[in-house]
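Numbering starts at 1 and runs along the sequence shown.
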Amino acid sequence: MIEWLRTTFSVESTYELVWVMVGLVAQMMFTFRFVIQWLASERARQSVVPVAFWYFSLAGGLTLLAYAIHRGDPVFILGQSLGAVIYIRNLWLIHAHKNSPLGK
């Protein structure tokens, strides 16, 4: 099975196969955030961005950042680094609003 996967993903070692799997899981988390947003919007009958969208963005983005660092891809690293800052800031704003007198 491992050999088949290594051949399928064109990697030479099990170590690299693990990193490809990390990248695939990260991309699935990143993609699933859109499914969450779509379902929430359909349920509300208007465009909605649920908090889970930002958590999946952060989890997928940080995992993709680790993958990008491992691959040594400066374009990918820069893009995921900026994204992570934005996701963290959005979560910060959401939680700060919930904890403020106006958000309760």
Honestly curious: do [X] and [Y] fall in one hydrophobic cluster under the side-chain, below-4.5 Å linking rule?
X     : Y     : result
Val48 : Val51 : no
Val85 : Tyr55 : no
Leu93 : Leu91 : no

Output all residues satisfying ring-ring contact (aromatic ring centres under 6.0 Å, His included) with Phe34, sequence neighbours left out; order by chain, then residue number.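 So Phe34 forms a ring-ring contact (aromatic ring centres under 6.0 Å, His included) with Phe53.
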
Listed partners of His95 passing ring-ring contact (aromatic ring centres under 6.0 Å, His included), at least two apart: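 So His95 forms no ring-ring contact (aromatic ring centres under 6.0 Å, His included) with any residue.
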
Kindly give the cluster partners of Phe32, where membership spreads through any ILVMFWY side chain lying under 4.5 Å from a current member.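 Hydrophobic cluster check, Phe32: joined to Val25, Met28, Met29, Val35, Ile36, Trp38, Leu39, Phe56.
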
Contacts of type side-chain contact (heavy atoms from CB on, under 4.5 Å), residue [X], not counting sequence neighbours:
X     : result
Arg6  : Ile2, Glu3, Val11, Thr14, Leu17
Ile88 : Leu58
Leu78 : none
Ile86 : Leu82, Asn90

State, to 0.1 Å, how close Ile77 and Gly72 come at their nearest heavy-atom pair, and which atoms those are.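 Looks like CD1-C, 4.4 Å.
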
Please give me the minimum heavy-atom distance between Ala84 and Leu62, naming the atom from each residue.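 That would be CB-CD2, 3.8 Å.
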
State which residues pass side chain to side chain donor-acceptor pair (under 3.5 Å) with Gln37; sequence neighbours excluded, sorted by chain then number.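 Only Ser41 meet the side chain to side chain donor-acceptor pair (under 3.5 Å) criterion with Gln37.
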
Fit a plane to each ring of Tyr15 and His70, take the angle between them on a 0 to 90° scale, and name the class: parallel (under 30°), tilted (30 to 60°) or perpendicular (over 60°).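 Because their plane-to-plane angle is over 60°, the rings of Tyr15 and His70 count as perpendicular.
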
Among pairs that include at least one residue of residues 27-36, which meet side-chain hydrogen bond (donor to acceptor under 3.5 Å, both in side chains), considering only residues two or more places apart or in two chains?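 For residues 27-36: Arg33-Ser57.
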
So which pairs with a foot in residues 44-54 pass salt bridge (Lys or Arg N to Asp or Glu O under 4.0 Å), sequence neighbours left out?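 Applying salt bridge (Lys or Arg N to Asp or Glu O under 4.0 Å) to every pair that reaches into residues 44-54, excluding sequence neighbours, yields Glu42-Arg45.
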
Non-hydrogen side-chain atoms of Asp73 and Tyr67 separated by less than 4.5 Å: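 Side-chain contact under 4.5 Å: no.
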
